[in-house]
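In each ligand, atom 1 is the first atom listed, and ligand 1 is the first ligand listed. Because the structure is predicted, anything quoted here is derived from the model rather than measured.
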Amino acid sequence: MEKSTDLIKIKGIGPGRIKHFARLGLFSLQDLASFLPRSYLDYSRPVKICDAEDGETAAIRALFIGPVKTFRAKSGLTVTNVSIGDETGNITAAWFNQPYISRSVPSEAGGYALGTVDRRNGARLLRASFSKELPGIIPVYPLTSGLTQSVVRNAVRAALDICLDSVSETLPEQIRAEYGLIPLKTAMETVHFPKNAQELAAARRRLAFEDAAVLTIVLEKLRQNKKAQKGISFNTSGILDDFLKLLPFEPTSAQYSVMNEIALDMASPQPMSRLIQGDVGSGKTALALYAMFIAAKNGAQSVLMAPTEILAEQHYIQLKRFFGERAAILKGHMSAPVKRQVLKGIADGSIIAVTGTHALIEGKVEFKRLGLVITDEQHRFGVRQRAEIGKKAESPDTIIMSATPIPRTLSLILYGDLDVSLVKGMPPGRKPVTTRLVPGEKRIAMYRYIENKIKSERIQCYVVCPMIEENDDLERVRSAETLFEELKSNLSVRVALVHGRLKSAEKDAVMEAFRTGETDILVSTTVIEVGVDVPNACVMVIESAERFGLAQLHQLRGRVGRGDKQSECYLLTESRSKSSVSRLKTLTETSDGFEIAEKDLEARGPGELIGMRQHGISEFGAAALASDIETLKQARDCARKLLAMPPEKSERLIEKAMRKYERSLEDIVIN
Ligand code: ADP
Ligand code: MG
């Protein structure tokens, strides 16, 4: 169904552009007015050449401009160069394959050169542009093909002009004064068009605060709502021993302590809502099985929802160990009679434990007596899904298992409606993956080394790229397609390619060929992050590693190190930025997911952490832009305070919260 749109009201937006905006999820003037810049180019202050750091966006006062030179480099690229100087030194502006650019270089000194400092055989300003005046702070929006920054910027400006008047303030004056927050309306405008860095910071703080407060209210309501429901009080005594007899290993102390929390929750008459966080490989499945075992002993059914069919298959093997004939799986490719049989068994209660993908189980399956719902690898599901899962039966207990370690402070906000358990450490015997940083100039040698290793040791290798196709914006990031071609023609091993745009049957075929060892190197985007288990694949290369979050790199790395061979992970980066390199170094130094998540939070701020990035920033809204966790904490405390105040103080914010999460909150009673 086409969504209706009122963007046509904006001058310069016709039916063609409307389609492009729709691809960004922008349908209404409201959407546009709250569409946030992805980043900013700060050209509000001139930077001296000697102070301009690699990777930094800089406006350089050009006191000297040399002659423009255009030549063809050995690589075949046409290079256009011009030297720029100030009183502290010189820097070269360079463009590739854009000879026409020379026309825009001013002939005399004066004005500013604007661009991002990069280093290639010496310091340069890459793709600089020139301007007479300092342009201030320029918002940079997420784009899609067919749109340019200036089209989006003008559209946002127009949408704000129409919408701002009707925005009402959500926070009482007194609260704003207490937390030092600017008015909402001002923030909404300034976040796009700030005059200086302080203004921008104030606007971002206000919006982040707003969104975190909204989210807190929603989760607080969810929590209250759940606690008010009546759940099943399971009998848990004597069950542990029976469970341990069937478990093929002795639980670690971390597992024991979470099992204890689960048993206490299940025994309580309030419904359990627990998030279990633990690194990939930390042994969460056994915890799920324990909870399912308790439910089964009490005659209640349980489901274990997996993010992929492959993982569901793996879970099914475990379920059979514990529940034998009374275990079942629901799959996409199942013959109709078998499927009917399974559904019948679930409906009449002869099946006690079932697994399958989220999509297959949610909504459609009738249970005789559902007592427990477990969702595996939750980091892909948002607040919305959390609310819906709970609606399945009367009030089943719920467990969500996540392999994304989220720092405690942040999980208190994102998962304010849940109790959180941590599985610290790893089961015995797991060897940490040897991780190394590889600079660009070593990449050929590295691939040669891997080629030899594949030939001599018959191991397999993953190569992960940040993008599927080439993108002009990021000239030095190799796409999965380019790299696939490159490796295929240069290495004498079998190379395959998989990415999210393949049809799922094609994807499965490529994955299956890799799993059975028919291919040696699998080039992919991050689709392999979840659900792949190929013990023979013990080498991983991550291209343009600086483009990933640490938590995500850590997760990707978790795909190797599953067999008995020592595993290796190579983080390739051409970035020389000190902060990128030191961030990536963290991974070479530790394999503790929580420590890594904390470092990520420190280095990049909450918005960049994996979960939110992947949902887009929609769920967390502007909070994704907050650079500090302190603001989020204050917002949470403030929201709780507001909820305790007379309703007229908080009604605007609550109203907003409810609108935003409308679908998930149908059954939450407000007042
Ligand atoms: P994840 O937390 O990623 O879901 P799994 O539950 O799949 O991890 O466990 C990873 C591997 O470790 C599995 O092969 C599992 O059998 C094994 N394992 C889990 N707990 C222990 C333990 N206490 N002792 C030995 N092996 C264990
Ligand atoms: Mg798992």
Side-chain angles (χ1 to χ4, degrees), residues 240-241 243-262 274-293 302-323 327 329 353 355-358 374-381 399-406 411 420-433 515 528-538 540 551-565 567 569 591-594 596-597 610-611:
L240 182 60
D241 284 341
F243 177 73
L244 292 178
K245 272 180 216 143
L246 291 168
L247 192 70
F249 46 75
E250 170 76 15
T252 61
S253 61
Q255 283 168 319
Y256 266 125
S257 83
V258 180
M259 284 162 67
N260 190 37
E261 288 172 327
I262 290 173
R274 184 165 287 280
L275 171 69
I276 299 178
Q277 292 193 326
D279 252 325
V280 169
S282 61
K284 295 184 293 296
T285 316
L287 306 172
L289 290 167
Y290 179 55
M292 295 174 95
F293 195 73
S302 54
V303 290
L304 175 51
M305 297 199 268
T308 66
E309 207 146 286
I310 302 171
L311 274 178
E313 301 266 10
Q314 288 170 18
H315 288 325
Y316 181 51
I317 297 172
Q318 299 299 321
L319 292 189
K320 279 193 290 196
R321 176 199 295 276
F322 287 87
F323 308 107
I329 181 168
T355 185
T357 58
H358 204 269
I374 303 176
T375 311
D376 192 6
E377 314 265 7
Q378 132 77 20
H379 61 279
R380 285 165 192 265
F381 313 140
I399 292 179
I400 292 161
M401 300 196 294
S402 167
T404 313
I406 292 176
S411 78
V420 180
S421 297
L422 302 184
V423 192
K424 296 213 187 85
M426 287 285 168
R430 235 179 116 95
K431 289 186 210 134
V433 179
R515 211 181 54 76
I528 60 150
E529 204 180 315
V530 199
V532 191
D533 193 4
V534 183
N536 193 45
C538 60
M540 175 173 281
Q552 195 180 12
L553 289 169
H554 177 62
Q555 272 216 308
L556 286 166
R557 171 169 76 170
R559 294 295 129 199
V560 293
R562 311 207 136 205
D564 25 337
K565 297 203 181 89
S567 293
C569 175
S591 56
D592 176 338
F594 287 97
I596 289 166
I610 173 176

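For the pairing with Ile374, the side-chain contact (heavy atoms from CB on, under 4.5 Å) check across Ile276, Leu304, Thr285, Leu287 returns one residue only, Leu304.
Judged as a side-chain hydrogen bond (donor to acceptor under 3.5 Å, both in side chains), and not counting sequence neighbours, the contacts of Ser421 are Glu261, Arg274. Contacts of Gln255 classified as side-chain hydrogen bond (donor to acceptor under 3.5 Å, both in side chains), with partners at least two apart in sequence or in another chain: Thr252.
Using a 4.0 Å cut-off between heavy atoms, Glu250 contacts ligand 1 through its backbone alone, with no side-chain atom that close. Contacts between Pro251 and ligand 1, counted as non-hydrogen atom pairs separated by less than 4.0 Å, involve the backbone only. When heavy-atom distances to ligand 1 are checked against a 4.0 Å cut-off, Val423 has no atom that comes that close, whether in backbone or side chain.
Distance alone, capped at 3.5 Å, is enough to place a donor-acceptor pair between the Lys284 side chain and the Asp279 backbone.
Proximity to Thr285 (heavy-atom distance under 4.0 Å) selects the following atoms of ligand 1: 4 (O), 5 (P), 6 (O), 7 (O). Those atoms of ligand 1 with a heavy atom of Gln255 less than 4.0 angstrom away are 19 (C), 20 (N), 22 (C), 23 (N). Here is the list of ligand 1 atoms found below 4.0 Å of a heavy atom in Asp279: 2 (O). When each atom of ligand 1 is checked for a heavy atom of Thr252 under 4.0 Å away, the hits are 23 (N).
Residue contacts with ligand 1: Gly281 is placed with a nitrogen or oxygen under 3.5 Å of a nitrogen or oxygen of the ligand (distance criterion only). Below 3.5 Å of separation, one finds no N or O of Phe249 facing any N or O of ligand 1.
Checking Gly278, Ser402, Pro427 against atom 12 (O) of ligand 1, the nearest heavy atom belongs to Pro427.
Using cut-offs of 30° and 60° for the angle between ring planes, the Phe293 and Phe323 rings count as tilted.
Counting only heavy atoms from C-beta outward, the side chains of Leu289 and Leu319 approach each other to under 4.5 Å.
In the displayed structure, Lys424 atom NZ is contacted under 6.0 Å by at most 12 heavy atoms of other residues, nucleotides or ligands.
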